[in-house]
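See below for the structure under consideration.
In what follows, every chain begins at residue 1, and chains take the letters A, B, ... in the order their sequences are listed. Note that these values count all heavy atoms, side chains included, but never hydrogens, waters or copies made by symmetry.
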Amino acid sequence: MASLKDLRNRIASVKATQKITKAMQMVAAAKLRRAQQAAESARPFSQRMDAVMANIATAIGDSEGAPKLLSGTGGDQTHLLVVATAERGLCGGFNSSISRLARDRARELLAGGKQVKILPVGKKGADVLKREFADIMLPTVDLRDVKYVGFDNANDITKQVLAMFDAGEFDVATLFYAEFQSVISQVPTAQQIIPPEIKEVEEAETASSASTVYDYEPDEAEILEDLLPRNVAVQIFRALLENAASEQGARMSAMDNATRNAGEMIDKLTLTFNRQRQAQITKELIEIISGAEAL
Amino acid sequence: MADNFNFELVSPEQLLLSGEAQMVTIPGTEGDMGVLANHAPVMTALRPGLVSAQMVEGEEQTFFVAGGFADITPSGVTVLAEFSLPKSDVTREVFDDQKRLAREAVDAAEDDARKTSAQSYLDQLTNLESTLF
């Protein structure tokens, strides 16, 4: 049985831990607000981009001369998995659920006789995937020093991905990230970015814009050549922002849980402590009384 | 009175401007273009320059944009800018940063075609310098 002193120490340490988790929760809440705002303000751009992409794709997507970035290389032998996770842990199942999704996909592809390359963005996912896929991992993209994800970060990753694509190092690229739905729900998502999935534009919009014949300045090919890499960058940027919001959300709920658990633990320990103190007092009293009686 | 149309200026980071406009001037790669309502559908790439929008309410607003596209339809105009700021927020530092990026792109270009396009981008940016400051 633990002594009173042990119990007191134990309570103190749990209290200290609770303070830390509480602080982390509050920090996460503050960061979440910012991350969510960033994700929301980036949304119009990617939405418009999707619409424009859909327009152009329907205009020239099927023609022979369509760029490879749009139509794909024709093969699907080599896959690139871009796995975006967090740089830090202590955020519940956030990192593991993304890496699990990526791992399952990689296993499936490997079992199907495909080649797989993994480009991890963020240290945590890289650590998990390294255990199984060490030989097909590319160097991790480190975002640890980045406080708030900017478009530049996405651009850097895009450049790397596109350089690989130009060199013919892969046929299909898929992006893994967690889509932010709410503080308690982040959905790990796999999104194919090269060749892009052309999203169905809503009926009303299609009727008004896709049916109209566009003039292009300079010409279509040139615009498309400029637009496609940018689209990849936008998708990656969006994924990074969603991820940032998801990470903070996950951390906030994880830390909320931890704080609550610590509270319960403190209550339980305090109860044991009081009970034991009482027992000791009683014991001492009995000793005194029985000592007095013996006289 | 001319018709109004919907104008949106978005950069990856945020929605800078959204509302009813009377006329918008866009720095296209092939030259500046003024857009009024019911314009024929055009998609144009942008060169670094100034987008100015005469909104229905309020004064004319001017933004610095670098790279991107404008999607023009009869019902509205959307400018998707790679980088954009209100003109008044463009400081020397911001501009120099853009120039530095452009210069790096020139140095990093591997083939001639890319080098030419990066170089012309840098030239356009340099031309803009005198109008801005």
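Scanning residues 88-96 of chain B against chain A with a 4.5 Å heavy-atom cutoff picks out nothing at all.
Neither the backbone nor the side chain of A40(B) comes within less than 4.5 Å of any heavy atom of chain A. Residue L227(A) touches chain B through both its backbone and its side chain, counting heavy-atom pairs closer than 4.5 Å. Only the backbone of I72(B) comes within contact range of chain A, with at least one heavy atom under 4.5 Å from a heavy atom of that chain. Residue S11(B) touches chain A through its backbone alone, counting heavy-atom pairs closer than 4.5 Å. If you measure heavy-atom distances from F151(A) to chain B, the contacts under 4.5 Å come from both the backbone and the side chain.
More than 12 heavy atoms of other shown residues, nucleotides or ligands fall within 6.0 angstrom of atom CD1 in I136(A). Summarising the local packing, CD of Q37(A) is surrounded by 12 or fewer heavy atoms from other residues, nucleotides or ligands at distances under 6.0 Å.
To the nearest 0.5 angstrom, Q14(B) atom CD is 15.0 Å from R43(A) atom CZ. Interatomic distance, N155(A) CG to F83(B) CZ, rounded to the nearest 0.5 Å: 12.5 Å. We find the OG1-CD distance between T78(B) and Q47(A) to be 11.5 Å, quoted to the nearest 0.5 Å. In this structure, the separation between CZ on R48(A) and CZ on F69(B) is 14.0 Å, given to the nearest 0.5 Å.
Closest non-hydrogen pair, F45(A) versus A81(B), comes out as CE1-O, 3.5 Å.
Judged by distance alone, the side chain of E13(B) and the main-chain N or O of A42(A) form no donor-acceptor pair under 3.5 Å. Listed for the S41(A) side chain is no donor-acceptor partner under 3.5 Å among the backbone atoms of L15(B).
Applying the salt bridge (charged side-chain N to carboxylate O under 4.0 Å, His left out) test to residues at least two apart or on different chains, the pairs with a partner in residues 74-84 of chain B are R230(A)-E82(B).
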